[in-house]
Amino acid sequence: MTWVVAKFGGSSMADAKAIRRSASVAQNRKANVVIVSATYGTTNQLLELIDIALAGNENKRDQLFNDLYNRHLSIAQALELSDEDSNQVHELLLEIKALAKGITLLGDYSFRAKDNLLSHGERLSSIFMQKALSQCLDQEVLLVDARKIIATNNHYGSASPMIEKTAKQAEQHLVPLLKSGKVIVSQGFIGLSEEGYTSTLGRGGSDYSASLFAEAIGAKLVEIWTDVAGIASTDPRLCNNAKPLKEITYKEACELATFGAKVLHPTSLWPAMRKNIPVYVGSSMEPEKQGTKIVLEAQDKPLVRAIALRRKQSLLTITTPRMVNTHGFLQNVFRVFAEHEISVDLVTTSEISVAITMNESSAINESLLQALSEIGEVEQEKDLALISLVGTRISNTAGLSKEIFTQLADINVRMICQGASASNICFLIEENHAEDAVKMLHRRFLESEFANS
Ligand code: ADP
Ligand code: ASP
Ligand code: MG
């Protein structure tokens, strides 16, 4: 267990200067495996390209492609890529253009095709990082295609990794290289599906990749380098008084990520947790600033460690008197969601109804609503936000709910969930009150005497 895996997110890969700075962080931290995201904004731009291509707007499509092309080419030039690498960059970019044109011609695309197109972002940026790292290291730096290592199922768009196969592939293709002193650069976010096509692990999935690589090689540390100096008590973009956290437990960090803190991908800690590999989150812009250590047990145990906000939530309520004293009702409801491949988040039930939250972007379509309406009356509410308070002692502190809801006295709380997790309490409110609510709760629990209780 001697290897260090370092991951650099999009903002750490924004341009040639940022890439060089990230490479020097990797050098100073003696990273053995360096995992990169696409350059800043690229995945969003590729998604936009797909939408525009689908809509058949050829001018806009070509404009957007040219922007992507020029941005990548100028990074390639600034990093003084070899002819061979420049050609590869060029080819990947032309492939993006051809795929976008294909979508326009077909007027259609599959999730599999979308993953293929999105993978180009990381495949491009990894070439840049390989170059920048080899410019500052004495050791040989090799680019290894993540699709040779990360095996996934065929669930394109948010594929699940196949742990044993991934470990075997890492043992075969990575460990010998590491043992001979090579430094490896690879792509975050992407893998190879069971049926042999490019897959992706879902938005923000490069964190997950880093943790999967670390698990597969038995690393001693995972470092997530981003644009903030670690995990804070809430999103610093939301609240000026957000405090950086020195330590947080895996469990709390998982809850935070699941409930909206973009700083980590929701499942990214699982692989590290399985092998008890410590995770460090720091800023690639200010690497000397203390970041956050994610550990099994933190030394201090404040009542509320952090607050997360997840926007754009929908609430579906299914009501039927047939629910009273019958069995199998919930099973029928959840079967409908499973058949439509929609992931649900929070669930509350009453005697005659069940209320379920999910991301607004989930494919809530006519077919789902139709299938649910065969079970009961369906009501849909939108523009909601989920706020979660996270801390190890949440479930066994008397008076906490009173304190929370006193703060929110003027805000209509649509749903409350507590109990399933010992370290979390969360509730749903209208999205237009969400920022104020987070600020109020932060002031009360993280900037007052509570912060030290
Ligand atoms: P990267 O491109 O490096 O993956 P992300 O944009 O995915 O970076 O994640 C970093 C961002 O997460 C920060 O800029 C910050 O706005 C946001 N964020 C949300 N919640 C938190 C939190 N509790 N602590 C720190 N950052 C947070
Ligand atoms: N580039 C991908 C995204 O923006 C993965 C990542 O950056 O983690 O979602
Ligand atoms: Mg991220």
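Atoms within each ligand, like the ligands themselves, are counted from 1 in listed order. Nothing fancy with the numbering, it's 1 onward along the sequence.
Inclusion of Lys7 in the set of residues having an N or O under 3.5 Å from an N or O of ligand 2 is not warranted. Note: an N/O pair closer than 3.5 Å links Lys7 and ligand 1 by distance alone. For ligand 1, the polar-atom distance check against Ile231 finds no nitrogen or oxygen pair separated by under 3.5 Å. Considering backbone and side-chain N/O atoms, Gly204 comes within less than 3.5 Å of an N/O atom of ligand 2. Remark: ligand 1 and Ser37 share no N or O pair separated by less than 3.5 Å (distance only, no angle test). Considering backbone and side-chain N/O of Asp235, one or more are found under 3.5 Å from N/O of ligand 1.
In terms of protein heavy atoms, atom 1 (P) of ligand 1 is closest to Thr226 OG1, 3.6 Å. For atom 12 (O) of ligand 1, the closest non-hydrogen atom on the protein side is Val263 N, 3.3 Å. In this structure, the protein non-hydrogen atom closest to atom 5 (P) of ligand 1 is Lys262 NZ, 3.6 Å.
Between Gly121 and ligand 2 there is no heavy-atom distance shorter than 4.0 Å. At least one heavy atom of Glu122 sits less than 4.0 Å from an atom of ligand 2. Ligand 2 is never approached by Gly10 to a heavy-atom distance shorter than 4.0 Å. The shell of residues lying under 4.0 angstrom from ligand 1, judged by heavy atoms, excludes Ala308. Under a 4.0 angstrom heavy-atom cut-off, Pro236 registers as being in contact with ligand 1.
When each atom of ligand 2 is checked for a heavy atom of Ser37 under 4.0 Å away, the hits are 6 (C), 7 (O), 8 (O). Those atoms of ligand 1 with a heavy atom of Ser11 less than 4.0 angstrom away are 2 (O), 3 (O). Remark: ligand 1 atoms within the under-4.0 Å shell around heavy atoms of Gly230 are 25 (C).
For the pair Arg71 and Tyr40, the cation-pi test (distance below 6.0 Å, angle within 45°) is failed.
When heavy-atom distances to ligand 1 are checked against a 4.0 Å cut-off, Ile224 has no atom that comes that close, whether in backbone or side chain. Under 4.0 Å from ligand 1, not a single heavy atom of Lys243 appears.
Counting only N and O atoms by type, the side chains of Ser12 and Ser284 include a donor and acceptor under 3.5 Å apart.
For atom 23 (N) of ligand 1, the nearest non-hydrogen atom from the set Ser233, Gly188, Gly260, Ala232 comes from Ala232. Looking at Asp207, Asp227, Leu264, it is Asp227 that brings a heavy atom closest to atom 11 (C) of ligand 1.
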